[in-house]
Amino acid sequence: MLYIHPDECVDCGACEPVCPVEAIYYEDDTPEVWEVYYRVNVEFFDKVGSPGGAAKVGAYDFDHPIVAELPPMA
């Protein structure tokens, strides 16, 4: 999963066209069924802090527990 830092996101929409599962929504427009993933993003960055963008740190070797329990996508 790619995580979006809720405090660093500036709502530019650049991530929307590259999301492979069309899961990008503005916070107020997030469907109820996906609202848990907002909390997942917040909690993920509570753990890693504010890296200032993925390019600075690369990939992490762990996921939020909710994401880690999901079956792999083909």
Side-chain angles (χ1 to χ4, degrees):
M1 176 168 159
L2 299 177
Y3 296 87
I4 298 173
H5 194 300
D7 293 333
E8 291 181 5
C9 175
V10 294
D11 294 332
C12 69
C15 57
E16 190 174 351
V18 296
C19 180
V21 293
E22 298 178 7
I24 307 299
Y25 298 94
Y26 291 106
E27 183 178 351
D28 293 339
D29 296 334
T30 304
E32 190 173 323
V33 68
W34 301 120
E35 286 179 356
V36 67
Y37 289 100
Y38 179 81
R39 183 174 49 86
V40 164
N41 280 274
V42 169
E43 292 173 0
F44 181 83
F45 286 104
D46 282 348
K47 181 175 181 172
V48 303
S50 185
K56 294 181 180 182
V57 295
Y60 289 98
D61 62 352
F62 61 90
D63 276 307
H64 184 280
I66 290 175
V67 174
E69 291 177 9
L70 295 172
M73 293 183 66

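All values derive from a computational prediction rather than experimental measurement.
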Quiz item: Roughly how far apart are Glu27 CD and Asp11 CG, rounded to 0.5 Å?
Solution: 8.5 Å

Quiz prompt | Separation between NZ of Lys47 and NE2 of His64, rounded to the nearest 0.5 Å | solution = 9.5 Å

Quiz item: Which distance, rounded to the nearest 0.5 Å, do you find between the SG of Cys15 and the CD1 of Ile4?
Solution: 4.0 Å

Practice problem: Could you tell me whether the side chain of Glu8 reaches within less than 4.5 Å of the side chain of Pro51, counting heavy atoms only? | Solution: yes

Quiz item: Other hydrophobic cluster members with Ile66, side-chain heavy atoms of Ile/Leu/Val/Met/Phe/Trp/Tyr under 4.5 Å, chained?
Solution: Met1, Tyr3, Tyr25, Val33, Trp34, Val36, Tyr37, Val40, Phe44, Phe45, Val48, Val57, Tyr60, Phe62, Val67, Leu70

Quiz item: Between Pro17 and Gly13, which heavy-atom pair has the shortest distance, and what is it?
Solution: CD-O, 3.2 Å

Quiz item: How far does CG of Asn41 sit from CG of Asp7, to the nearest 0.5 angstrom?
Solution: 11.0 Å

